[in-house]
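Here the structure is laid out as structure tokens; the discussion comes afterwards.
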Amino acid sequence: MNDKEVTKLIASEETRQREGLELIPSENYVSREVLSALGSVFTNKYSEGYPGKRYYGGQDFTDPLETLAIERAKKLFNADHANVQPHSGAPANIAVYFAWLEPGDTVLGMRLDHGGHLTHGHPVTTMAQLYNFVRYGIKDKETGEIDYEEMRRVALKEKPKIILAGFSGYPRNLDYAKFAEIGNEVGALLMADMAHIAGLIAGKALPNPFDFGFHVITTTTHKTLRGPRGGMILTKGKVGNPLKQVEKNLENLPTLIDREVFPGFQGGPHMNNTAAKAVTFYEAAQPEFQTYVQQILKNAKKLADEMMSRGFKLVTNGTDNHLIMADVQTSFGVDGRQVQDILDKIGLSANCNSIPDDPLPPFRPSGLRLGTPAITTRGLEEEHMAQIAEWLEQAIKNRSNDKILNKLSNEVKEFSLRFPLPSDS
Ligand code: DSN
């Protein structure tokens, strides 16, 4: 490449990833095959429309490619229809809102500060200006369990058109049967945003919301699923012609959603991304992927235990999934943002996060969010978790001692280089 500046930045990022450990629970390292599909000539092609119904010529290979991605996604998640075109998770969620709601309609989703996601109706989002978002949260900080009684009370009072199950900061399993019971009682569409746990569902380590009667699932493809940055929407039921207006009812849901993704909300799909998604779904269907996701869970439990034994107070005192939320302010008197910065210095990447009822503001919250999907991809197992917890503790306790931080940084680097990136092989 002639562009020396970009070449240098890519090389530097590669070194950063290789010489450190990724503990952000929503990040992962993709395979060489996913990377090469992303960098393929499919990036040159416009393909507005859907297979067999495109607006441009030259679709001989894009049509079978998108069909392959769709069929693989359907099989992996036991769906009847998949739309693989959303550019990411936010557009996927927005497409479902547009498909099902009228302006002013009500959606019941999880509070952001209790583990929900921005696109589940936080007041700063554009969607919150269009729709009426009401919220459920957790019962208490100790157990961290979702308050299903409160959810039911709010649902009965507000009569939401959608009940949304999903999170980006909740370390426990969701009771999909309870969601379904409440949703059916008030006649709401059952929507699951499984962005964080899609890989865990694909690898059969966690239950699939469709098995509990959910109508629609949205997801990103780049977290535990370990694919390219992108989104997807899965539905039950058959899709019709998305280029024709249809009535808003459950039978038409797949068609309504396809219609919102294109032509409603997006233009041309990114076909290089579709190629990488197809590769991802292939990889996630292999038996090794089930072993991988089981290891994510084992590593998360072990890391949580090792952290708690070193004085870290964890929200819900542990984890059932891939993520851990530590209240570092209460544990060590230092906020999550400061800890994030200290960890960056020694090559450990994590992110600060609000904890339930956080007394501190979102930009400088009490929490630190960690996860094990990426380090498990690197090949780390339970035996390595004590070392990571030890580095976390030592870095926080010695945050003003550059000599010790330097020593920890060298240790992290030496350790990380023993575990190549999947794209190195
Ligand atoms: N930004 C993602 C996360 O880190 O959880 C959610 O979209």
Side-chain angles (χ1 to χ4, degrees), residues 17 21-30 86-97 107 109-128 133 135 138 144 164-174 191-201 206 216-234 273 277 280 293 296 300 314-316 319-326 336-337 339-341 343-344 348-356 358 362-377:
Q17 293 191 13
L21 293 178
E22 187 53 73
L23 292 164
I24 295 175
S26 49
E27 297 190 9
N28 215 326
Y29 307 100
V30 299
H87 296 324
S88 202
N93 285 344
I94 292 167
V96 175
Y97 300 153
V107 180
M110 193 171 188
R111 285 171 57 166
L112 179 73
D113 61 338
H114 282 198
H117 188 253
L118 264 183
T119 59
H120 300 175
H122 193 272
V124 299
T125 61
T126 309
M127 287 307 104
F133 286 90
R135 280 163 244 293
I138 60 167
L164 213 174
F167 57 81
S168 58
Y170 184 63
R172 295 293 174 186
N173 287 329
L174 298 178
M191 171 177 175
D193 175 347
M194 63 173 186
H196 262 261
I197 53 173
L200 304 174
I201 294 171
L206 292 186
V216 57
I217 296 178
T218 58
T219 186
T220 51
T221 47
H222 49 270
K223 298 185 174 93
T224 47
L225 196 51
R226 211 165 55 179
R229 308 199 79 77
M232 172 165 72
I233 307 173
L234 301 157
N273 215 277
K277 286 174 185 172
T280 300
V293 298
I296 292 178
L314 302 189
V315 174
T316 81
T319 179
D320 289 332
N321 56 30
H322 63 299
L323 76 81
I324 293 166
M325 193 73 83
R337 161 102 20 205
V339 175
Q340 175 184 305
D341 293 346
L343 295 179
D344 267 340
L348 297 180
S349 189
N351 72 280
C352 59
N353 212 98
S354 295
I355 57 166
D358 203 328
F363 201 69
R364 197 166 271 290
S366 301
L368 184 76
R369 195 181 64 149
L370 305 143
T372 52
I375 54 170
T376 306
T377 296

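One-based numbering, in listed order, for ligands and for the atoms of each.
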(request) Establish, from distance only, whether the side-chain atoms of Ser354 and Asp113 form a donor-acceptor pair under 3.5 Å. (result) no

Taking the six-membered ring of Tyr29 as reference, does the cationic atom of Arg226 (NZ for Lys, CZ for Arg) lie under 6.0 Å from its centre and within 45° of its axis?
no

*Under 4.5 Å between any side-chain heavy atoms of Phe167 and His114, yes or no?*
no

In ligand 1, the atoms that come under 4.0 Å of a heavy atom of Ser168 are 5 (O)

Review point. Would you say the side chains of Thr280 and Lys277 form a donor-acceptor pair under 3.5 Å?
Key: no

Counting from 1 in the order shown, the ligand 1 atoms closer than 4.0 Å to a non-hydrogen atom of Ser26 are 3 (C), 4 (O), 5 (O)

Atom 2 (C) of ligand 1 has as its nearest protein heavy atom Lys223 CE, 3.8 Å

Within 4.0 Å of some non-hydrogen atom of Arg369, the atoms of ligand 1 are 3 (C), 4 (O), 5 (O)

Residue, atom and distance of the protein heavy atom nearest atom 5 (O) of ligand 1 read His196 NE2, 2.7 Å

For atom 1 (N) of ligand 1, the closest protein heavy atom turns out to be His117 NE2, 4.5 Å

The reported gap from CD in Gln340 to CG in Leu368 (rounded to nearest 0.5 angstrom) is 7.5 Å

ask   = Between Asn93 and Asp193, does any side-chain donor sit less than 3.5 Å from a side-chain acceptor?
value = yes

Next on the checklist: If we only consider heavy atoms of Glu27, is any one of them less than 4.0 Å away from an atom in ligand 1?
Outcome noted: no

